[in-house]
Asker: 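So that we are looking at the same thing, I have put the structure below in C-alpha cells.
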Amino acid sequence: MAFPYEGHHILGHLVPCSQQETSSKSTFVNGMSRKDPKLATANNFFSGLNIPRNTRNRVGSNTTMPPNGGMNPPHIHRRATEILLVLDGTLHVGVVTSNPDNHLITKVLSPGDVFVYPTGLVHFQFHVAKTNAVAIAALSSQNPGVITIANAVFGSNPPINPDVLTKAFQLGKNVVSTLQKQLGGNK
C-alpha cells in the first residue's frame, strides 16, 4: 500500500472509481481514477479473501495457492518493495541479489512469518505443503510494475529471436521453441 506525501486522505487513493463514477469529482493517482474520499462508502470495499479462488492455471496461483506446487513464479517489481505475510500453509520463498553475485536467499515460511523483497530484485513464492496456503502481499507503490521473468523473455510479442535466447540461456533451439510456444512468444 502506498501513502501519498501530499497529506490527502488515503481513502481517496485506495478506492477506485467505476466507469460510471469517473467524473470531475474523481482524482487520478498513477493514471488511475480514484473516488473523492468524501463520496466513499463501506460498499466500496470488499470481503471474501477467505474464499479460495481459481488456481487452475499454468502456475497454480491466485489469492490462494493449491497444495504441493502452486507458485507465484520468478518476477520483479521495478517500482516497489514487497512484504509478504503468511496466514496459512507453508511457502518456500526466495529472492536473488543483483549482479554480479546473483546470490539466492531462501526461507520456508509458516503462518505468521514475514518476508521482504527489495525493489527490483527477482523473487518468487512456491507452495510446499499438502494444505492450502494463504498469504497477504503488500507493495510500497500503487503502481509497482510487475515483470514475470519467463513470460517477458519467452512470451514476448513479437518473440525474441530464438538464436539470442539459445545463446543467452545456453539451451537448445527446440527447448527455446517449446518455451516460446508455451508462453505465447510465437503468436
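We use all heavy atoms of the structure for the numbers below, so side chains are in, but hydrogens, waters and symmetry mates are not.
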Asker: With side chain to side chain contact (heavy atoms under 4.5 Å, CB included) as the test, would you mind laying out the steps for Asn143 and Ser141 before giving the verdict?
Answerer: CA-CA 5 Å; Asn143 188 13; Ser141 171; 4.2 Å; yes

Asker: At what distance, to the nearest 0.5 angstrom, does OG1 of Thr106 lie from CZ of Phe126?
Answerer: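 Nearest 0.5 Å value for the OG1-CZ distance: 12.5 Å.
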
Asker: Could you report the tightest heavy-atom contact between Leu139 and Pro144, atom names first, then the distance?
Answerer: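 Heavy-atom minimum between the residues: CD1-CG, 4.0 Å.
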
Asker: If every non-hydrogen atom of Leu91 is compared with every non-hydrogen atom of Ala135, which pair is closest and at what distance?
Answerer: CD1-CB, 4.0 Å

Asker: Side chains of Val175 and Phe169: does their closest heavy-atom pair fall under 4.5 Å?
Answerer: no

Asker: Parallel, tilted or perpendicular, judged at 30° and 60°: which one describes the rings of His77 and His123?
Answerer: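 Taking His123 first and then His77, their aromatic rings sit tilted (interplane angle of 30° to 60°).
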
Asker: Indicate the atoms forming the closest heavy-atom contact of Pro74 with Val122, along with that distance.
Answerer: CB-CG1, 3.9 Å

Asker: Spell out, as yes or no, whether a donor-acceptor pair under 3.5 Å connects the side chain of Thr81 to the backbone of Ser140.
Answerer: no

Asker: Same cluster or not: Ile105 versus Val86, using hydrophobic residues (I, L, V, M, F, W, Y) connected whenever any side-chain heavy atoms lie under 4.5 Å apart?
Answerer: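 Ile105 clusters together with Val86.
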
Asker: Given side chains that start at C-beta, do those of Gln125 and Tyr117 come closer than 4.5 Å, heavy atoms only?
Answerer: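 Gln125 reaches Tyr117 side chain to side chain.
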
Asker: With sequence neighbours excluded, give me every salt bridge (charged side-chain N to carboxylate O under 4.0 Å, His left out) pair touching residues 156-176.
Answerer: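 Checked against salt bridge (charged side-chain N to carboxylate O under 4.0 Å, His left out) - neighbours excluded - the pairs reaching residues 156-176 are Asp163-Lys173.
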
Asker: Which distance, rounded to the nearest 0.5 Å, do you find between the CG of Asn174 and the CG of Leu179?
Answerer: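 Atom-to-atom, Asn174:CG and Leu179:CG are 11.0 Å apart.
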
Asker: Rounded to the nearest 0.5 Å, what separates atom CG in Asn72 from atom NE2 in His127?
Answerer: 13.5 Å

Asker: Measuring from Thr90:OG1 to Asp113:CG, what's the distance to the nearest 0.5 Å?
Answerer: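 The OG1 atom of Thr90 sits 9.0 Å away from the CG atom of Asp113.
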
Asker: Do Ile147 and Phe124 share a hydrophobic cluster, counting only Ile, Leu, Val, Met, Phe, Trp and Tyr and linking them when any side-chain heavy atoms are less than 4.5 Å apart?
Answerer: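 Yes: a chain of side-chain contacts under 4.5 Å links Ile147 to Phe124.
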
Asker: Can you get from Val146 to Ile149 by hopping between Ile, Leu, Val, Met, Phe, Trp and Tyr side chains that sit under 4.5 Å apart?
Answerer: no

Asker: Restricting to pairs with a member in residues 71-92, which pass salt bridge (charged side-chain N to carboxylate O under 4.0 Å, His left out), not counting sequence neighbours?
Answerer: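 Pairs touching residues 71-92 that pass the test: none.
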
Asker: Which heavy atom of Val95 sits nearest to which heavy atom of Phe115, and what is that distance?
Answerer: CG1-CE2, 4.0 Å

Asker: Would you check if Leu165 and Leu171 make a side-chain contact, meaning some heavy-atom pair closer than 4.5 Å?
Answerer: no

Asker: Is any side-chain heavy atom of Ser98 less than 4.5 Å from a side-chain heavy atom of Leu121?
Answerer: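 Yes. Closest side-chain heavy atoms under 4.5 Å.
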
Asker: So which heavy atom on Ser156 is nearest to which on Ala152, and how close?
Answerer: CB-O, 3.5 Å

Asker: Nearest 0.5 Å please: distance from the CG atom of Leu183 over to the OG1 atom of Thr178.
Answerer: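 These two atoms lie 10.5 Å from each other.
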
Asker: Transitively linked via ILVMFWY side-chain contacts under 4.5 Å: Val114 with Ile136?
Answerer: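 In one cluster with Val114: Ile136, yes.
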
